[in-house]
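See below for the structure under consideration.
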Amino acid sequence: MCGIIGYVGKKQSVDILLEGLKRMEYRGYDSAGIAIFDNNEINVIKSKGRLTELENKIKEYGSIDGTCGIGHTRWATHGEPSDVNSHPHSSVRITVVHNGIIENYQQLKDELIEKGYNFTSQTDTEVVAHLIDSLYKDDLFVAIRDALRKITGSYALGIISKDQPGKIYAARKDSPLLIGLGKEENFIASDMPAILKYTRDYYLVEEGEIVELTSSYVKVYDENKNEIKKTKQVADWDISSAEKGGYPHFMIKEIFETPSVLKNIANRYLVDDMPHFDKSHEFNAILRRTNRVVIVACGSAFYVGTVAKYLIESFCGVEATVEAGSEFRYRHPVLKDGDLVVAISQSGETADTLAAIRLAKTRGIPVLSIVNVLGSSAARESDIMLYTAAGPEIAVATTKAFSAQLAIVYLLCLQLALVKGRISEMQLINYIKEFKKLPEYVDSILLRARDCEEIAKEVKNYENIFFIGRGLDYSMALEGSLKLKEISYIHSEAFSAGELKHGPISLISETTPTVAIATQKHLIEKMHNNISEVRSRKGRVWTLCRKSDAELFKSNSEVIPLGDVDDIFMPSLAVLPLQLIAYYASVQKGCDVDKPRNLAKSVTVE
Ligand code: G6P
């Protein structure tokens, strides 16, 4: 949700900034802009629309020299996407880029107007530039610190000042920010892929810290301007993981990475076919004390949460609830001793999920997070973090990270079941044997991706599509429906198959097809009946089921066969054709697969 970048070094900054923005465009793509020091002036170029619009504008402008600058890619919150509302925003001396929301901007704006500042945009960000300028006497650090004290809301900021060429300041609160450490060059960035081409070394910026960067040093200060010694982190991602590698879109590349992501999780978390987590002792102690698991997540991660809830209750015998982060935070939830909050988030920066984590922490409840970004806020603020290690996910619609979250959920549930005495070590080992079959079965689904492409050719012609399933398959119906609507803009709805007859079935006709997911052994007959109900209303049906059940379902639908693993792992197979159908439908409709309209990957605002 907005990406910021900054470069200071010996090279021309324009290309580095544009390259970084390109790699962060998934964070927002309503507009983009850069500001570069050029002969003691700050040149600001910005444009509504995709990055290519900005690139065209820069070409028209001619050459921009300068080895220090900041850039921004925007997902609009305050003020419509327009040239004038694009970042960077400037005051007399100060220019800023910002990711987040300044909540008290109206009050600050009124005060600054009274002081004579002239506002040109409708954004909340412009107040930051004017506020720092208004407080800037002789020490920019002090001006920034005092401005931040007046601001409420969230921010990751890159700040430059006309009278300090070759220097960038940065700070953050509730929005991600890291400092890339190069040789005779340093960076700021919202996300690692933006700077991976240049360095893998970085510092994480903590709240309350203000960072000063030049080409030769990075100084991190506390609020009293005492220098803080930071620990260098090294990213375990390489640049190829943030590139398309010959695939036409990131989404399809990421879907095809699923087998290696699953293998990686097995290698990372299994020792002698038993789950083994970092801080294992503490981890097991927390699980032992847990009487209820409260799961919070947003979007697709929420649907992983529904799988977790199902398994924790039915498999581990422990009470579980799942709730969207945005609902959880405002309903004064009852949390009590013996609860464990489990937060699931690819980015680890989703504002609503973070708020839930913080709420739990203030109530003294232990928090376990499942995240894909080391050093993210969720990872740092949780008592225990399970890293999904899926590598950078660039397409806005999640795929491989979703599969990685599912895999971690299985291992977590198996461990919980063991700790609670619901399964023996022997049974656990047998489950792990099944779990380890997943990459191979996923591979064979991917080998038949063309079948999904054929189905998508039909799917794309419909205006409405239903997804149905029961039990764990209902979770995948929800995910399949979300995936299709978010990237192909086809209206879709997911229902638990048993609920269809309580209303939605009235919408079934030859113009509304259904994707049925029927992988759960004890529910096969019920699903078969539900599909027949749809067929009797002339609705077309595609059914995802095990190969061994294909004959049965061929009697009333077109079958997409899957491999055969224990029921609890079937979501990991069912999700693949759903992702592929959504992907190919989006491609065939000519949609922007990796950057669907109005969406952003990392939702750092409420
Ligand atoms: C956005 C993305 C979704 C994602 C959700 C939660 O809406 O488009 O793909 O599932 O955020 O993101 P998180 O990073 O918390 O998993």
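Just follow the structure's listing: the first ligand is 1, and inside any ligand the first atom is 1.
Here E19 pairs with K197 in a salt bridge; the nearest charged N to carboxylate O distance falls below 4.0 Å. Using a 4.0 Å cut-off between charged nitrogen and carboxylate oxygen, D191 and R27 count as a salt-bridge pair. Here E207 does not pair with K173 in a salt bridge; the nearest charged N to carboxylate O distance is not below 4.0 Å. With salt bridges taken as basic N to acidic carboxylate O contacts below 4.0 Å, one links E313 and K309.
Near C298, meaning under 4.0 Å from any of its heavy atoms, are these atoms of ligand 1: 5 (C), 6 (C), 10 (O). If you number the atoms of ligand 1 from 1 as listed, the ones under 4.0 Å from a heavy atom of Q346 come out as 13 (P), 14 (O), 15 (O), 16 (O). If you number the atoms of ligand 1 from 1 as listed, the ones under 4.0 Å from a heavy atom of S345 come out as 13 (P), 14 (O), 15 (O), 16 (O). Close approach to S300 involves these atoms of ligand 1, each under 4.0 Å from a residue heavy atom: 10 (O).
Taking distance alone, with nitrogen or oxygen atoms compared against 3.5 Å, T353 stays at or beyond that limit from ligand 1. Note: no N/O pair closer than 3.5 Å links Q405 and ligand 1 by distance alone.
Side chains of E25 and T73: no donor on one and acceptor on the other come within 3.5 Å.
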